[in-house]
Amino acid sequence: MKETVYFTASEHVAVLAGPDDFDGWRTQARQVLMARVHPSEVIWRVPGGEGDLFASSEPSPPPIAVPDARQPIVSRAFLDLAAKAACHRDRGRFDFLYRLLWRLQRNARLLEDKADGDVRRLDELARTVRRDIHKMRAFVRFRSVAQPDGTERYVAWFEPEHHILRANAAFFVNRFAGMHWSILTPIGALHWDGASLQEGPPATRGDAPDGDPIEDLWSSYYASIFNPARLKIDAMLKEMPRKYWKNMPETALVPALIAGAQAREAVMVEAGRDLFEDDSPPTSLEEIAGAIRSCRRCAIGCNGTDAVGSEGSSGASLMIVGEQPGDVEEREGRPFVGPAGQLLMRHLEEAGLNRSRAYVTNAVKHFKFLPRGKRRMHQTPTAREIDTCRWWLDGERSIVKPRLVLVLGASAARGLLGKTISVQKERGAPIDLPDGSELWVTTHPSYLLRLPEENRPAEEKRFQDDLRAIAERLAALESAAG
Ligand code: URA
């Protein structure tokens, strides 16, 4: 294609609003492109000194599009990569992006040429920025600061490598929508008050508070998820470079955790085999209730929460098994007393099942959670954690000897069966257990609570139908046994 390039008499100075002003770059790139201003003639300037020091800092007036100017060709793929690359600290990034845009007008498939130096550089800039964005999401740690009006603000210090603060703002607003928080960095600050986001000037480390009780929560959480069997120090340092450690309370634990890793790994490997093969099974429910308090056989048992035992007596013909205690259960020390427990209770009553005559327990005895501000967000236990806890559940079953075991949800089913089953496929019919009792599975009440309002009535009806079938079957088993 033959075309005329209009070189301007002097260079065109394009001034951006900030170091991450991709929208400003886009608008002005379109203007200079349509005026066919060659990349070598455009100087991109960013307030704060980025760009050619010898160029005028006065922005040039918008150039006039050439008479036959076509709309620029820009693919979504280019825009996505360019938006990331624009956040890189590289001082020449905006010149580079314009040069690439210019080349794309002549070769629309340029991005497919992975051997091209510019294409490789674009990928690399975008990849580096993505990584920095991810690091900020993973490594920001809030400290709580009491405010003069009695409320609390959560404040974090973070040092990004690139201009990613604004690019990450929506993530933190969504993630911590209900909290009042500030993220302070050397390139600016974000302040969220639960309704609106404000930007602030650059801060220093000294502007951010040091530790507070949230650190304890994070530290115990981190200790609980630190899996010594997966310890690969090089990989860990790559993922979590030392420069971030000083802002992350849990990393104070790392040296000790590494030092203790081999010992813990030995315990966990044991747990994976048959940790309990030398232990004699518990002989009473009281013994189990006492022993689970000091159980440290999996990571959840080490997270510093109190184990929650069961309710009910040996000889109960119905055993109800949930997944694990929740936040309310852990605080009250009783199973199924929080929101899911209340919903369960209502449905049990409606189906004619009496909780007080049942034995109520959980597949996992400790509460697994992720701290979020001051809240503890439920985390599903892993298959391995459920399997490790089966020792207690088997012990309970051998003592209670229920005729019918009702398991709520997939984790509870795994706790009983040692394998993962589909709740939707298996509900509504019994599974025979080797001891002659029957297992019935239905959904977990928390699942019902999480459903969108419009889907709940239908699912609650299915839940109720399952419980009615179970009530009928239980009555039949009890009368057969006399
Ligand atoms: N969910 C469970 O599975 N068990 C409880 O005890 C509470 C909520």
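Each ligand, and each atom within it, is numbered from 1 in the order the structure gives.
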- Query: Is there a nitrogen or oxygen of Asn362 sitting under 3.5 Å from a nitrogen or oxygen of ligand 1?
  - Reply: yes
- Message: Below 4.0 Å from ligand 1: does a non-hydrogen atom of His444 turn up there or not?
- Response: yes
- Item | N or O contact, Ala340 vs ligand 1, cut-off under 3.5 Å | no
- Message: Check this for me, if you would: do Asp193 and Arg153 make a salt bridge, where the nitrogen-to-carboxylate-oxygen distance has to be below 4.0 angstrom?
- Response: no
- Message: At less than 4.0 angstrom from any non-hydrogen atom of Pro335, what atoms of ligand 1 do you find?
- Response: 6 (O)
- Return yes when atom CD of Glu472 has more than 12 non-hydrogen atoms of other residues, nucleotides or ligands closer than 6.0 Å, and no otherwise. no
- Query: atom 6 (O) of ligand 1: which protein heavy atom is closest, and how many Å away?
  - Reply: Phe336 N, 2.9 Å
- Query: Does Arg293 CZ have over 12 foreign heavy atoms under 6.0 Å away?
  - Reply: no
- Message: ring-ring contact (aromatic ring centres under 6.0 Å, His included) for Phe463 and His347? Distances and angles first, verdict last.
- Response: CA-CA 8 Å; Phe463 186 64; His347 279 281; 5.1 Å; yes
- Task: For Glu323, take its heavy atoms, then give the atoms of ligand 1 lying under 4.0 Å from any of them.
- Result: 2 (C), 3 (O)
- Any chance CZ of Arg346 has more than 12 other-residue heavy atoms, nucleotides or ligands included, within less than 6.0 Å? yes
- Query: Looking only at protein heavy atoms, which one is nearest to atom 5 (C) of ligand 1, and how far off is it?
  - Reply: Gln324 O, 3.4 Å
- Message: Looking at Lys419, I'd like to know if its NZ atom is crowded, meaning that more than 12 non-hydrogen atoms belonging to other residues, nucleotides or ligands lie closer than 6.0 Å.
- Response: no
- Item | Atoms of ligand 1 close to Gly322 [distance to a heavy atom under 4.0 angstrom, numbered from 1] | 3 (O)
